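We name chains A, B, ... by the order of the sequence lines, and we start the count at 1 in each one. Predicted model, so just to flag it, every value in this text is computed and none were measured.
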Amino acid sequence: MTHRQILKLPHIELTGDDSETNILHVDMDAFFASVELKDRPELRGTPVIVGHSGGRGVVTSATYEARKFGIHAAMSMSEALRKCPGATVIEPSHEKYEEVSNRLQDIYYSMTPLVEPLSVDEAFLDVSGSRKLLGTPTEIGHKLREKVFQEENITCSVGIAPTKFIAKLASTRAKPDGLLVVSPEEVIAFLHPLPVGALWGVGGKTEEVLARLGLFKVSDIANLPLNTLRRALGDGLAEHLHELSWGRDERSVEPYEPEKSIGNEETFSKDLDQAADILREVLRLSEKVATRLRAAELMGRTIVLKVRFANFSTITRSKTITDPIDGTKDIYAITKTLFENLKLDRVRVRLVGVRVEKLEEAETASRQLLLGESEKGWREIDKASDKASARFGDDAVKPARLID
DNA sequence: TCTGGGGTCCTAGGACCC
DNA sequence: TCTGGGGTCCTAGGACCC
């Protein structure tokens, strides 16, 4: 992800390759649970669920033993606990996951500089330039799985194909603990029998629409006249799905994608209905987001407030300003106004979120800004606060209202 | 059965400018 | 006085992904 990591591998040739099967998709098996099990080997072989156990929440990850009971990620905790009452529940420890994720990335970069991380536990690799040094993509895939298991005690699955989309489907099919190569000639035979939900961009809603049209398999989409699909789904999605259904996917592995937004949100353990209580959370989130912005040396122009009510309906309100900001005070001033403009009167609020979009690099942004004296003062305070947080932990410096 | 938290992308309407 | 489109930006919502 960083230049440092890319520069570690100057010896890898990027000359391309005549073979068309160079894209690897790597996906850890039950990542969160696997990381936790490394520290708690006594739980190996028993059902383990990683997720938020406090009433609300969903399963983040489950071991294979838990899966035998039909427990999957993205299932509510209460449902999971009902299915598997004996399972050990572990609260997620996100910092640990980040550390492991960074080490996994180092392993990817030892195979090729063309790495596109998708999430903490997943990545695309383009190994077209690595053949001379490391062997065929299949050999590289085996090495990768071996290394990940040796160093992190995590099994993973690897899909190898001519395109990102097919590589991802292949790794899913290979799960758990497997490797699958889909050559260009095999793509259609592999793809067409799959359910429509396998296509990138088909979720629950789209699946319903397609089912009403009698479309259940990828081949159904492929053989439908494009115009019929357009009328059902709109031009954009229809054309996208039609391309994918024929295995066409032009996207290349992009080693660096700049961040487009930074945000945090929180679901309360109990709904809040007092404006003062809600605003305190909005301030806390504004601070969190501002700190992350400054750490990433980014500033943003659009500030978004998200509010979810007790009935789960959700709204967003946003404000775009001319000059980008990264200060806690500036962000809070806007989120506070957005909240007050809602004119909620004792409405039960379940979640609030703060997000900053339209990001620019802070250096470029601030060079164009002529800062007044008071703004300069606040920048100094934010900087000092960031330093203290880095030294003493996040709780060291907080806006006065957050200190109980 | 009640639904976490981090994101990206698309659509549609309205304002505004030319 | 009434009337075009096209382009761009902003806002809100929603689908989707991991």
Side-chain angles (χ1 to χ4, degrees), chain A residues 25-32 49-61 70-83 91-92 94 97-98 101 116-124 164-165 168-169 171-172 175 196-210 230 233-241 244 251 254 257-269 271 285 288-289 292 296 301-322 334 338 341-342 350-359:
Chain A
H25 180 259
V26 197
D27 199 341
M28 301 303 121
D29 300 327
F31 178 64
F32 302 108
I49 297 170
V50 177
H52 304 276
S53 59
R56 295 173 167 175
V58 296
V59 176
T60 306
S61 187
I71 290 169
H72 309 282
M75 170 183 279
S76 78
M77 282 301 293
S78 47
E79 199 178 349
L81 291 172
R82 214 176 318 112
K83 283 195 176 162
E91 286 287 325
H94 294 282
Y97 307 143
E98 286 298 326
S101 182
E116 178 182 335
L118 264 192
S119 68
V120 276
D121 71 327
E122 238 182 288
F124 286 113
K164 278 162 80 165
F165 170 55
K168 167 116 173 113
L169 288 181
S171 74
T172 304
K175 274 185 171 300
V196 288
L199 295 172
W200 261 71
V202 178
K205 302 285 174 182
T206 309
E207 207 166 5
E208 270 177 39
V209 174
L210 294 172
R230 283 202 182 103
L233 301 175
D235 291 357
L237 189 55
E239 281 156 32
H240 167 74
L241 296 185
L244 289 185
R251 299 168 305 162
E254 299 290 343
E257 285 287 318
E259 282 172 295
K260 299 201 168 69
S261 73
I262 288 182
N264 287 99
E265 59 186 57
E266 197 189 345
T267 299
F268 310 127
S269 49
D271 298 337
L285 291 166
K288 209 167 165 183
V289 171
R292 288 178 60 200
R301 288 177 49 231
T302 300
I303 318 300
V304 188
L305 175 75
K306 173 171 167 179
V307 178
R308 174 168 291 155
F309 302 103
N311 68 1
F312 220 69
S313 66
T314 309
I315 60 167
T316 62
R317 291 293 180 269
S318 67
K319 176 77 186 161
T320 299
I321 52 178
T322 319
I334 294 173
L338 289 171
N341 287 347
L342 292 173
R350 183 185 177 133
L351 165 153
V352 289
V354 173
R355 176 166 296 279
V356 176
E357 303 174 348
K358 298 220 171 28
L359 302 183

Worksheet item: Can you tell me how far P of B/dT1 sits from CZ of A/R82, to the nearest Å?
Response: 7 Å

Worksheet item: A/K358 near the nucleic acid: base, sugar-phosphate alone, or nothing, with a heavy-atom cut-off under 4.0 Å?
Response: sugar-phosphate

Worksheet item: Which part of the nucleic acid, if any, lies within contact of A/V202, taking any heavy atom under 4.0 Å across all strands shown: a base, the sugar-phosphate backbone alone, or nothing?
Response: sugar-phosphate

Worksheet entry | Integer-rounded Å distance: B/dC2 C1' and A/K83 NZ | 14 Å

Discussion item. Just the rounded figure in Å: distance from P of B/dG7 to CG of A/L118.
Written reply: 15 Å

Worksheet item: How long is the span from the NZ atom in A/K288 to the CD atom in A/E265, to the nearest 0.5 Å?
Response: 10.0 Å

Item to complete: Could you tell me whether A/I321 contacts a base, only the sugar-phosphate backbone, or nothing, with contacts defined as non-hydrogen atoms closer than 4.0 Å?
Response: nothing

Item to complete: Assign A/R301 to base, sugar-phosphate, or nothing according to its heavy-atom contacts below 4.0 angstrom with the strands shown.
Response: sugar-phosphate

Worksheet item: When you match A/E266 and A/K260 each to their closest nucleotide on DNA chain B, which lands nearer the 5' end?
Response: A/E266

Discussion item. Whether A/R317 contacts C/dG13 is assessed here as follows: a side-chain N or O lying under 4.0 Å from the phosphate OP1 or OP2. Is that the case?
Written reply: yes

Practice prompt. Using a heavy-atom cut-off of under 4.0 Å over every strand shown, decide if A/I315 touches base, sugar-phosphate, or nothing.
Written response: sugar-phosphate

Fill in: A/T314 side, atom OG1; A/F309 side, atom CZ - distance, nearest 0.5 Å
8.5 Å

Worksheet item: Could you give the CG-to-P distance, from A/N264 to B/dG4, as a whole number of Å?
Response: 16 Å

Worksheet item: Between atom OG1 of A/T316 and atom CZ of A/R355, what is the distance when rounded to the nearest 0.5 Å?
Response: 11.0 Å

Practice prompt. Please assess A/R230 against A/E239 for the test salt bridge (charged side-chain N to carboxylate O under 4.0 Å, His left out), listing each intermediate value before the final yes or no.
Written response: CA-CA 7 Å; A/R230 283 202 182 103; A/E239 281 156 32; 2.8 Å; yes

Practice prompt. Provide the closest heavy-atom pair for A/R317 versus A/L338 in the form atom of the first, atom of the second, distance.
Written response: O-CD1, 3.5 Å

Worksheet item: Between A/S119 and B/dG6, is there a side-chain N or O to OP1/OP2 distance below 4.0 Å?
Response: no

Worksheet, complete the sentence: Whole-Å distance, A/L305 CG to C/dA12 C1', equals 13 Å

Worksheet item: Over how many whole Å does the gap from A/L169 atom CG to C/dC17 atom C1' extend?
Response: 14 Å

Worksheet item: To the nearest Å, how far apart are A/R56 CZ and B/dT1 C1'?
Response: 15 Å

Fill in: Distance between P atoms of B/dT3 and C/dC17 (Å, rounded)
22 Å

Worksheet item: Side chain of A/W200: nearest nucleotide among B/dT3, C/dC17, B/dG7?
Response: C/dC17

Worksheet item: Counting side-chain heavy atoms from CB outward, which of B/dG4, B/dG6, B/dT1 is closest to A/R355?
Response: B/dG6

Fill in: Pairwise distance CG(A/L351) to CZ(A/F312) - rounded to 0.5 angstrom
8.0 Å

Fill in: Chi class for C/dC2: syn within 90° of 0, otherwise anti
anti

Discussion item. Does the structure show A/F312 stacking with B/dC2, if we require the centres to be closer than 5.5 Å and the planes to be within less than 30 degrees of parallel?
Written reply: no

Worksheet item: Quick one: CD1 on A/I315 to NZ on A/K306, what's the gap to the nearest 0.5 Å?
Response: 11.5 Å

Practice prompt. Could you run through DNA chain C and flag its stems, i.e. three or more consecutive Watson-Crick or G-U pairs with both distances under 3.5 Å?
Written response: B:5-18 with C:5-18

Discussion item. Looking at A/S318, I'd like to know whether one of its side-chain N or O atoms comes within less than 4.0 Å of OP1 or OP2 on C/dA12.
Written reply: yes

Discussion item. Once you apply a heavy-atom cut-off of 4.0 Å, does A/K306 come out as touching a base, just sugar-phosphate, or nothing?
Written reply: nothing

Item to complete: Between C/dG13, C/dC16, B/dT1, spot the one nearest the side chain of A/T316, thanks.
Response: C/dG13

Item to complete: Could you tell me whether the phosphate oxygens of B/dG5, OP1 or OP2, come under 4.0 Å of any side-chain nitrogen or oxygen in A/T267?
Response: yes

Worksheet item: Between A/R56 and A/F268, is there a donor-acceptor pair closer than 3.5 Å when you use the side chain of the first and the backbone of the second?
Response: yes

Discussion item. Once you apply a heavy-atom cut-off of 4.0 Å, does A/E122 come out as touching a base, just sugar-phosphate, or nothing?
Written reply: sugar-phosphate

Fill in: Sugar-phosphate, base or nothing in reach of A/G204, heavy atoms under 4.0 Å
sugar-phosphate

Item to complete: Choose from B/dG4, C/dA12, C/dA15 the nucleotide whose nearest atom is closest to any side-chain atom of A/T206.
Response: C/dA15

Fill in: First of A/S76 and A/G263 reached from the 5' end of DNA chain B, by closest nucleotide
A/S76

Item to complete: Find the distance A/H240:NE2 to B/dT8:P and express it as a whole number of Å.
Response: 17 Å

Worksheet entry | Under 3.5 Å: donor-acceptor pair, side chain of A/R292, backbone of A/G263 | yes

Practice prompt. May I ask you to evaluate whether A/T320 reaches the phosphate of C/dT11, defined as a side-chain N or O under 4.0 Å from OP1 or OP2?
Written response: yes

